[in-house]
Asker: 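Can you read through this structure? Questions will come right after.
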Amino acid sequence: MRVRTAAAATLLLTLISPPEAASATTTCKPVSAEVAMTSGGPADQRVAGTLCLPRGRAATVQLLIPGGFYGQAYWQARGDRRRPSYVETMTAAGYATLAIDRLGTGASTYPPSARFRQDTHQIVVRQLIEQLRAGRLGGGRFTKVVLVGHSLGSTLARTLAATHPAGVDGVILTGESSAPNQAAFEQMGAQIYRAADDPRFAERGLDDGYLTTRPGMRAAWFYHRPNADPKVIAADEATKTTDVFPPGDSYTPPSINKGIQVPVLIVTGEYDKLLTPTHSSTELRAQEAPFYGPRAKLEAVLVPGTGHVLNAHRTASGWSAKARDWADRRVGGAAR
């Protein structure tokens, strides 16, 4: 088991290590944020993340929230090993990034699943926003915070932006839309089981509220394999994480999006099995527009030849470049 784990870690490192040019202009460091699981509760948990700072002083930080069963490495992965990751793209453009492991995933703490409430993940993200603005996580005080989510992370991002609009300056939503494929989600549910039943996590002592994906599930559900590197898929499978889904529906209905008062960019893959298909960026925007107000200045990008995990496909750098352009136009605050 140790040999296989070491090999997987080496493979993942090969896939996410920044190119020499990017590392010369970017400083990345691990951060640990003390957080509470409920409003007013004790800050007895810890969220692990990686803060990357560009050369110069960035006024804007992007808080990167991974989806279910993924950790912060998702934002550092390169679907095409010759091209930059999302983090590298944004830091090269002058934006700071903080990629996190949500509670119960990656290097963050693993509280008993019974302590999670329906709004725990949202409460934690809100605390991270406050700490970034106060300069308590390094890199100084950030005057602007953009929430960037994937899948479940997108649900958290838009929910927080709608309920606490003053804390957010922009939102990028990926791998999520107003039209989830409910039948697909039900079928995919059969491929999720207790983490305690998985050989990787069996010795961790996790309670039954901790779940993970069955072996091989990710390639079948999260990828459009004709446009994905088999080594990237293997690294994804070999470095999967656990997750906790609090009581209640984890998908916030799109009607709440009217409360978002900042610019929004939506990005989905053409072959995302978990979403109702759209066939162009124009069609995607038309589908989503009724759920947003004018202040959202809604933009949408449909990425061709791509499945659910956008960052792990060969097309990743293309959508990242469009997100960088959007951030320049709609938010600003990059270091120059």
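The basis for the numbers below is simple: all heavy atoms, side chains too, and nothing from hydrogens, waters or symmetry mates.
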Asker: How many angstroms lie between CG in Leu265 and CD in Glu299, if you round to the nearest 0.5 Å?
Answerer: 6.5 Å

Asker: Are the side chain of Asn257 and the backbone N or O of Tyr292 linked by a donor-acceptor pair below 3.5 Å?
Answerer: no

Asker: Side chains of Thr306 and Glu270: is there a donor and an acceptor less than 3.5 Å apart?
Answerer: no

Asker: Could you tell me whether a side-chain N or O of Gln287 sits under 3.5 Å from a main-chain N or O of Leu284, the two making a donor and an acceptor?
Answerer: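 Answer holds: no.
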
Asker: Under 3.5 Å, side chain of Thr155 to main-chain N/O of Thr252, donor-acceptor pair present?
Answerer: no

Asker: Distance only, no hydrogens: is a donor on one side chain within 3.5 Å (strictly under) of an acceptor on the other, for Gln122 and Thr159?
Answerer: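 No - no donor-acceptor pair under 3.5 Å links their side chains.
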
Asker: Could you give the distance from CZ (Arg81) to CZ (Arg314), rounded to the nearest 0.5 Å?
Answerer: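 Between Arg81 CZ and Arg314 CZ, I get 8.5 Å after rounding to 0.5 Å.
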
Asker: I need the Thr212 OG1 to Leu206 CG distance, nearest 0.5 Å.
Answerer: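 Answer rounded to 0.5 Å: 10.0 Å.
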
Asker: Walk me through whether Arg82 and Asp229 qualify under salt bridge (Lys or Arg N to Asp or Glu O under 4.0 Å).
Answerer: CA-CA 12 Å; Arg82 302 166 299 176; Asp229 185 337; over 6 Å; no

Asker: Does Asp198 pair with Lys240 as a salt bridge, N-O distance under 4.0 Å?
Answerer: yes

Asker: Is the closest side-chain donor-acceptor distance between Thr268 and Ser177 under 3.5 Å?
Answerer: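 Looking only at side-chain atoms, Ser177 and Thr268 do not form any donor-acceptor pair under 3.5 Å.
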
Asker: If hydrophobic clusters are built by linking Ile, Leu, Val, Met, Phe, Trp and Tyr wherever their side-chain heavy atoms come under 4.5 Å apart, do Ile123 and Leu160 end up in the same one?
Answerer: no

Asker: Checking side-chain polar atoms at under 3.5 Å, does Tyr210 have a donor or acceptor matched by the opposite partner on Asp243?
Answerer: no

Asker: Could you tell me whether a side-chain N or O of Arg46 sits under 3.5 Å from a main-chain N or O of Ala107, the two making a donor and an acceptor?
Answerer: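 Present.
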
Asker: Does either side chain, that of Arg324 or that of Thr89, offer a donor lying less than 3.5 Å from an acceptor on the other one?
Answerer: no

Asker: Could Arg218 and Tyr70 be counted as a cation-pi pair, given that NZ or CZ must be under 6.0 Å from the ring centre and within 45° of the axis?
Answerer: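 The answer is yes, since Arg218 meets both limits relative to Tyr70.
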
Asker: Quick check: closest heavy atoms across Asp169 and Pro263, and the distance to 0.1 Å?
Answerer: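 Looking at all heavy atoms of both residues, the closest pair is O-CD, 3.8 Å.
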
Asker: Checking side-chain polar atoms at under 3.5 Å, does His308 have a donor or acceptor matched by the opposite partner on Asp272?
Answerer: yes

Asker: Regarding Asp236 and Tyr223, is there a side-chain donor-to-acceptor distance under 3.5 Å anywhere?
Answerer: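 Yes, side-chain donor-acceptor contact under 3.5 Å.
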
Asker: Please answer: with hydrophobic residues joined when any side-chain heavy atoms are less than 4.5 Å apart, are Tyr271 and Val301 in the same cluster?
Answerer: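 The answer is no; the residues belong to distinct hydrophobic clusters.
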
Asker: Determine, for Asp328 against Arg336, whether the closest basic-nitrogen to carboxylate-oxygen distance falls under 4.0 angstrom.
Answerer: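 A salt bridge is present here (some side-chain N lies under 4.0 Å from a carboxylate O).
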
Asker: Tell me whether Arg194 is salt-bridged to Asp197, with the criterion being a basic N under 4.0 Å from an acidic carboxylate O.
Answerer: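 Yes.
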
Asker: Within the distance-only criterion (no hydrogens, no angle test), does the side chain of Glu88 pair as donor or acceptor with the backbone N or O of Gln76 below 3.5 angstrom?
Answerer: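 Answer holds: no.
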
Asker: Indicate whether any N or O donor in one side chain lies under 3.5 Å from an N or O acceptor in the other, for Gln62 and Thr97.
Answerer: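 The criterion, which ignores hydrogens and geometry beyond distance, is not satisfied for Thr97 and Gln62.
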
Asker: Would you confirm whether Ser32, through its side chain, and Ala48, through its main-chain N or O, come within 3.5 Å as a donor-acceptor pair?
Answerer: no

Asker: Taking side chain as C-beta onward, heavy atoms only, is Leu98 less than 4.5 Å from Thr50?
Answerer: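 No, every pair of side-chain atoms sits at 4.5 Å or beyond.
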
Asker: Between the side chains of Glu288 and Ser178, is a donor N or O closer than 3.5 angstrom to an acceptor N or O?
Answerer: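 Indeed, the side chains of Glu288 and Ser178 share at least one donor-acceptor pair under 3.5 Å.
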
Asker: Would you say Ile172 and Trp326 make side-chain contact, with heavy atoms under 4.5 Å?
Answerer: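 Result yes, sub-4.5 Å side-chain heavy-atom pair found.
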
Asker: Got a donor-acceptor contact below 3.5 angstrom from the Arg330 side chain to the Gly170 backbone?
Answerer: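 Side chain of Arg330 to backbone of Gly170: no pair is present.
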
Asker: Can any side-chain N or O of Arg133 pair as donor or acceptor with the backbone N or O of Gly167 at less than 3.5 Å?
Answerer: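 Side chain of Arg133 to backbone of Gly167, a donor-acceptor pair under 3.5 Å: yes, one is there.
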
Asker: Side chain to side chain donor-acceptor pair (under 3.5 Å) for Ser151 and Glu176? Distances and angles first, verdict last.
Answerer: CA-CA 5 Å; Ser151 195; Glu176 193 228 42; over 6 Å; no

Asker: Run the numbers on Phe245 and Tyr251 for ring-ring contact (aromatic ring centres under 6.0 Å, His included), then give the verdict.
Answerer: CA-CA 11 Å; Phe245 301 99; Tyr251 178 75; over 10 Å; no

Asker: Quick check against the 3.5 Å criterion: does Lys273 have a side-chain atom that pairs as donor or acceptor with the backbone of Ala220?
Answerer: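 Indeed, once roles are kept as given, a pair shorter than 3.5 Å links the two residues.
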
Asker: Could you check if a side-chain atom of His150 sits within less than 4.5 angstrom of a side-chain atom of Ile65, using non-hydrogen atoms only?
Answerer: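 Side chain of His150 against side chain of Ile65, heavy atoms only: no contact under 4.5 Å found.
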
Asker: Just by distance, do the side chain of Thr27 and the backbone of Leu53 share a donor-acceptor pair under 3.5 Å?
Answerer: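 Absent.
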
Asker: For Asp207, is there an ion pair with Arg115 - N to carboxylate O distance below 4.0 angstrom?
Answerer: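 Not counted as a salt bridge, because no side-chain N and carboxylate O are separated by less than 4.0 Å.
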
Asker: Is any side-chain heavy atom of Phe69 closer than 4.5 Å to one of Ile192?
Answerer: yes

Asker: Please determine, by modelled atom types, if Tyr86 and Asn311 share a side-chain donor-acceptor pair under 3.5 angstrom.
Answerer: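 Tyr86 vs Asn311: no donor-acceptor pair found between side chains.
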
